[in-house]
Amino acid sequence: MAFGWIDEQDRARRAAGLVRVLRPRPARSPLLDLASNDYLGLARHPEVVEGAVRAARTWGAGATGSRLVTGTTALHTELERELAAFCGFEAALVLSSGYAANLAAVTALAPHGSLVVSDAGNHASLIDGCRLARGTTQVVGHADPDAVRKALATHEGPAVAVSDTVFSVDGDAAPLAELAEACRAYGAGLVVDDAHGLGVLGHGGRGATQGAGLAGRDDVVATVTLSKSLGAQGGAVLGPARVVDHLVNAARTFIFDTGLAPAAAGAALAALRLLGREPERAARARAVAAALHARLTAAGLDAVRPDAAVVSVRAPSPEEAVRWAADCRAAGLSVGCFRPPSVPDGVSRLRLTARGDLSGEQIERAVRVIGETRP
């Protein structure tokens with residue numbers, strides 16, 4: 001029977017407690033949200049929503065085509081120019097998602113004969129980029145610059161090291177300065193995914209690369225998403241102009257994909273300008289993360305110290321993690337639930353988003369619910 005193997009896989013997932021389901025949320029949820037990636041609380045900010053509405057009225061509902069045909073508007077180029085300037089890079093290229101941006105950067109910068117050195121804790125989009133790249137990929141230990149250095153020492157020819165700046169599972173930060181030093185010693189490029197750093201780290205939220213002094217270097221490329229701190233949708237690659245020009249000509253997820261919808265571009269641009277005027281939003285997100293960690297730890301929970309705005313709490317098993325998240329939801333709190341294969345170490349977790357617009361009372365409420373529902 002066609003697709004009969006799906007039933008067997010479904011049975012295996014259910015036996016392991018790894019079944020995933022979709023839960024449509026209402027427009028106005030009564031739940032306290034610590035599950036989304038809306039780090040700065042901008043997804044519903046009036047200026048950001050108005051930016052989306054104004055762009056849709058001006059440019060229409062869709063981009064109408066790929067960026068190289070009809071999908072580039074003046075709004076797209078304005079967003080690229082301001083995003084590059086804000087983050088400290090020479091140029092930027094906007095794509096339809098952060099996932100597409102990572103695929104574009106890795107595949108276009110790892111040709112035949114190249115080596116890609118990938119951190120074991122990287123996001124799935126970077127992993128898939130490595131799988132699709134024509135170079136050879138070597139996976140090294142998590143956040144280990146010495147392992148990167150050793151891998152690069154074995155290769156002659158083009159090479160890149162690939163890493164998240166902030167890892168999405170535990171919220172720990174990569175040792176960017178040390179990674180960049182290792183790459184420069186061997187003439188390799190550094191490609192980093194700053195999805196969880198933009199808006200949270202760096203001066204006024206300019207990102208982890210800016211905070212580490214790497215923005216604008218000719219051997220560093222960063223990818224970002226517009227769907228987290230900026231509350232919109234889409235992704236971008238930031239780097240030297242010649243790298244961006246190369247992606248326009250070589251990155252398949254840019255060339256053959258419909259351009260980002262104007263409404264998303266307008267919302268992202270409005271959010272970027274708002275963050276530029278209110279840089280304290282980044283510090284507030286970090287302060288909320290620190291407060292969550294301190295209170296969870298004081299309550300006896302196994303919480304990982306955050307380097308940005310992600311706080312994870314270890315669970316005993318996948319099944320108990322799912323039940324814990326469900327019990328939190330029943331008590332009025334929405335939290336993320338990470339299980340294998342989303343977690344590379346096989347340890348299931350609740351994943352909390354330390355949104356910068358959370359009040360002290362909401363932080364206390366969240367900690368109380370998590371503590372009262374623990375397995």
Salt-bridged, [X] to [Y], with N to O below 4.0 Å?
{"X": "Arg184", "Y": "Asp219", "result": "yes"}
{"X": "Asp245", "Y": "Arg242", "result": "no"}
{"X": "Arg273", "Y": "Glu78", "result": "yes"}
{"X": "Arg277", "Y": "Glu47", "result": "yes"}
{"X": "Glu278", "Y": "Arg281", "result": "yes"}
{"X": "Asp170", "Y": "Arg349", "result": "yes"}

Excluding sequence neighbours, so at least two apart, what forms ring pair (Phe, Tyr, Trp, His ring centres under 6.0 Å) with Phe167?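 Partners of Phe167 under the ring pair (Phe, Tyr, Trp, His ring centres under 6.0 Å) test: His142.
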
By ring pair (Phe, Tyr, Trp, His ring centres under 6.0 Å), which residues pair with His155, not counting sequence neighbours?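 His155: no ring pair (Phe, Tyr, Trp, His ring centres under 6.0 Å) contacts found.
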
Counting distance only, does the side-chain N/O of [X] pair as donor-acceptor with the main-chain N or O of [Y] below 3.5 Å?
{"X": "Ser29", "Y": "Leu31", "value": "yes"}
{"X": "Glu82", "Y": "Leu79", "value": "no"}
{"X": "Arg284", "Y": "Leu358", "value": "yes"}
{"X": "Arg351", "Y": "Ser168", "value": "yes"}
{"X": "Asp193", "Y": "Asp164", "value": "no"}
{"X": "Asp194", "Y": "Gly207", "value": "no"}
{"X": "His45", "Y": "Ala271", "value": "no"}
{"X": "Gln233", "Y": "Leu226", "value": "no"}
{"X": "Thr154", "Y": "Ala151", "value": "yes"}

Atom [atom1] in [X], atom [atom2] in [Y]: separation rounded to 0.5 Å?
{"X": "Leu333", "Y": "Ile370", "atom1": "CG", "atom2": "CD1", "value": "5.5 Å"}
{"X": "Leu40", "Y": "Lys228", "atom1": "CG", "atom2": "NZ", "value": "12.5 Å"}
{"X": "Cys337", "Y": "Arg329", "atom1": "SG", "atom2": "CZ", "value": "8.5 Å"}
{"X": "Leu201", "Y": "Thr209", "atom1": "CG", "atom2": "OG1", "value": "9.5 Å"}
{"X": "Leu301", "Y": "Arg295", "atom1": "CG", "atom2": "CZ", "value": "13.5 Å"}
{"X": "Arg305", "Y": "Asp307", "atom1": "CZ", "atom2": "CG", "value": "9.0 Å"}

Between [X] and [Y], which heavy-atom pair has the shortest distance, and what is it?
{"X": "Leu296", "Y": "Ala303", "value": "CB-CB, 4.0 Å"}
{"X": "Ile363", "Y": "Ala291", "value": "CD1-CB, 4.3 Å"}
{"X": "Leu350", "Y": "Cys328", "value": "CD1-SG, 4.5 Å"}
{"X": "Ala174", "Y": "Ser163", "value": "CB-OG, 3.7 Å"}
{"X": "Ala61", "Y": "Ala261", "value": "O-CB, 3.9 Å"}
{"X": "Ala100", "Y": "Ser97", "value": "N-OG, 2.9 Å"}

For Phe86, is the NZ or CZ atom of Arg206 found under 6.0 angstrom from the centre of its six-membered ring and inside 45 degrees of the ring axis?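 Yes, cation above the ring, under 6.0 Å and within 45°.
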
For residues [X] and [Y], is any side-chain donor paired with an opposing acceptor at under 3.5 Å?
{"X": "Tyr99", "Y": "His123", "answer": "no"}
{"X": "Ser125", "Y": "Asn102", "answer": "yes"}
{"X": "Ser334", "Y": "Asp33", "answer": "no"}
{"X": "Thr253", "Y": "Asp257", "answer": "no"}

Just wondering, do [Y] and [X] contact through their side chains at under 4.5 Å, heavy atoms?
{"X": "Val169", "Y": "Val347", "value": "no"}
{"X": "Asp38", "Y": "Arg44", "value": "no"}
{"X": "Val288", "Y": "Leu292", "value": "yes"}
{"X": "His293", "Y": "Pro306", "value": "yes"}
{"X": "Leu260", "Y": "His76", "value": "yes"}
{"X": "Gln210", "Y": "Cys87", "value": "no"}
{"X": "Asp7", "Y": "Met1", "value": "yes"}
{"X": "Trp324", "Y": "Val335", "value": "no"}

Remaining members of the apolar cluster that contains Val191, side-chain heavy atoms under 4.5 Å: Leu68, Leu93, Leu95, Val106, Leu109, Val116, Leu126, Val160, Val162, Val221, Val237, Val243, Val244, Leu247, Val248, Phe254, Ile255, Phe256

Give me the other members of the hydrophobic cluster that Val49 sits in, counting Ile, Leu, Val, Met, Phe, Trp and Tyr linked by side-chain heavy atoms under 4.5 Å, directly or via other members.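 So far as hydrophobic clustering goes, Val49 is joined with Val53.
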
If you count every heavy atom of other residues, nucleotides or ligands that lies below 6.0 Å from Arg314 atom CZ, does the total exceed 12? yes

Does a sphere of radius 6.0 Å around CD in Gln138 hold more than 12 heavy atoms from other residues, nucleotides or ligands, not counting ones at 6.0 Å or beyond? yes

Which pairs count as salt bridge (charged side-chain N to carboxylate O under 4.0 Å, His left out) when at least one residue sits in residues 12-27, sequence neighbours excluded? Asp10-Arg14

Shared hydrophobic cluster for [X] and [Y] (ILVMFWY, side-chain gaps under 4.5 Å):
{"X": "Leu103", "Y": "Val94", "answer": "no"}
{"X": "Leu272", "Y": "Leu75", "answer": "yes"}
{"X": "Val140", "Y": "Leu115", "answer": "yes"}
{"X": "Leu179", "Y": "Ile127", "answer": "no"}
{"X": "Leu352", "Y": "Val310", "answer": "no"}

Given the rule in the side chain to side chain contact (heavy atoms under 4.5 Å, CB included) test, do Arg149 and Tyr186 qualify, once you have shown the distances and angles that lead to the verdict? CA-CA 8 Å; Arg149 190 182 298 271; Tyr186 290 94; 3.4 Å; yes

Could you walk me through whether Ser229 and Val200 pass side chain to side chain contact (heavy atoms under 4.5 Å, CB included), step by step? CA-CA 7 Å; Ser229 287; Val200 178; 3.8 Å; yes

What's the verdict on side chain to side chain contact (heavy atoms under 4.5 Å, CB included) for Asp172 and Val304, showing C-alpha distance, side-chain angles and the deciding distance? CA-CA 8 Å; Asp172 56 318; Val304 179; 5.7 Å; no

Side chain to side chain contact (heavy atoms under 4.5 Å, CB included) between Thr137 and Arg131, intermediate numbers included: CA-CA 8 Å; Thr137 297; Arg131 290 171 175 169; over 6 Å; no

Any pair counted as side-chain hydrogen bond (donor to acceptor under 3.5 Å, both in side chains), so long as it reaches residues 55-70, sequence neighbours left out: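 Every pair satisfying side-chain hydrogen bond (donor to acceptor under 3.5 Å, both in side chains) with a residue in residues 55-70: Thr64-Thr70, Arg67-Thr72, Arg67-Glu80.
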
